[in-house]
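To start, the structure itself, in structure tokens.
All values reported here derive from a predicted model rather than from experimental measurement.
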2 protein chains.
Amino acid sequence: MDKSQVFAAAIDLCDSLTEEEDALTRDMVTRLADKWSLWTMSVLAATGAPLRFSRVMEQVEGVSQKSLTKTLRQLERDGLITRKIFAEVPPRVEYSITALGLEMLRHVEPFYLWVAKNVANFQTARADFDGR
Amino acid sequence: MDKSQVFAAAIDLCDSLTEEEDALTRDMVTRLADKWSLWTMSVLAATGAPLRFSRVMEQVEGVSQKSLTKTLRQLERDGLITRKIFAEVPPRVEYSITALGLEMLRHVEPFYLWVAKNVANFQTARADFDGR
DNA sequence: CAGTATCCAGATCGATACTG
DNA sequence: CAGTATCGATCTGGATACTG
């Protein structure tokens, strides 16, 4: 197997991006890692229907109101979810996953599953490393 | 299409993990997103041969010595790269990608390519959002 | 050469309190 | 109900200086 071919396509593609596009790509990858984005998206996808702010907050256990608000705004800004406001009293706001958001989840899932499946490998690697 | 099936496997798998395993899984996903890990791994993979610290630093443009050291240690700890020290003066240290590291890159690549290909979608989404 | 040590700026996130 | 505002602890990463 030729190691140099792994990720080569990604590197080539990366080189073809402008600085701005590259920064945005990084940004999207980074989004994966922040504490609540992926979880929030998966809740909206799993529900398959619009969800109010408070329902999302219930399902994303442990998130603070502030962090959830920020997470939802970022996801909305990037076109991964939609936010619909109803002019009612008390106010109602509904969040839904978009087609782009679903696409993103689909492309993340294989990687995520692989990591979870290999969790034992990482545990032993760390044990070996720490016990040296 | 049934939205509720997207990412469902990941959620199920996630539920089956212990708290410790779940934390580790998050950790690995987070590793992806930090500023230099993916880039560093892709450099080692693309080279396909052991690389000295200073060579890695040249190719991962913009990384500081401190950040590169930290990145390399984390990757080593997780079994994604190896670090070989030669008892010479001046000291020589060589880094290589592992099979596990290559596997990880292979599972990340599709997602990464998808993001890069959709960079225009994200740009217009942001432009729409900001101009409202 | 390949780090370590120290300092510092900025971002992140939770807790808490307040509001249209 | 769905936020915003503020504070503080914690983390991240860069710059700089020093060392086996």
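For the atom pair Ser4(A) OG and Leu44(B) CG, the distance stands at 13.0 Å (nearest 0.5 Å). Annotation: the span from Met28(B) atom CE to Asp78(B) atom CG amounts to 4.0 Å, rounded to 0.5 Å. Leu72(B) contributes atom CG, which lies 9.5 Å from atom CD of Gln74(B) (distance to the nearest 0.5 angstrom). One finds the CG atom of Leu68(A) at 9.5 Å from the CZ atom of Arg73(A) (value rounded to the nearest 0.5 Å). Taken from CG in Asp15(B) to CD1 in Ile11(B), the straight-line distance is 7.5 Å, to the nearest 0.5 Å.
Aromatic ring pairs are classed by plane angle as parallel below 30°, tilted from 30° to 60° and perpendicular above 60°; the pair Trp114(B) and Phe122(B) is perpendicular.
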Trace of the side-chain contact (heavy atoms from CB on, under 4.5 Å) decision for Trp39(A) with Val63(A)
CA-CA 10 Å; Trp39(A) 194 351; Val63(A) 71; over 6 Å; no

Apply side-chain contact (heavy atoms from CB on, under 4.5 Å) to residues Tyr112(B) and His107(A) and explain how you reach the verdict.
CA-CA 9 Å; Tyr112(B) 199 84; His107(A) 283 84; over 6 Å; no

Should Arg77(B) and Asp27(B) be marked as a salt bridge (Lys or Arg N to Asp or Glu O under 4.0 Å) after you check the CA-CA gap, both sets of side-chain angles, and the distance that decides it?
CA-CA 12 Å; Arg77(B) 179 173 139 99; Asp27(B) 229 55; over 6 Å; no

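As rounded to whole Å, 17 Å separates atom C1' of dT16(D) from atom CG of Leu68(B).
Pairing each heavy atom of Leu24(A) with each of Val119(B), the nearest pair is CD2-O, 3.6 Å.
A heavy atom lying under 4.0 Å from DNA chain D marks the following residues of residues 35-48 of chain B, by number: Lys35(B), Trp36(B).
Contacts between chain A and DNA chain C, taken as any atom within less than 4.0 angstrom of a protein heavy atom, begin and end at dT12(C) to dG20(C).
Checking Gln65(A) against Asp34(A), the closest nucleotide of DNA chain C that is more toward the 5' end is the one next to Asp34(A). Positionally, the nearest nucleotide of DNA chain D for Tyr95(A) lies more toward the 5' end than for the other of Tyr95(A) and Lys66(A).
Using a 4.0 Å cut-off, some side-chain N or O of Ser67(B) falls inside it from OP1 or OP2 of dG14(D).
At a threshold of 4.0 angstrom between heavy atoms, the contacts of Arg73(B) are confined to the sugar-phosphate backbone, with no base atom among them.
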With both pairing distances under 3.5 angstrom for Watson-Crick or G-U wobble, and | for a partner in another strand, the correct string for DNA chain D is ||||||||||||||||||||

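Between Glu103(A) and Arg106(A), at least one side-chain N (NZ, or NE/NH1/NH2) sits under 4.0 Å from a carboxylate O, which counts as a salt bridge.
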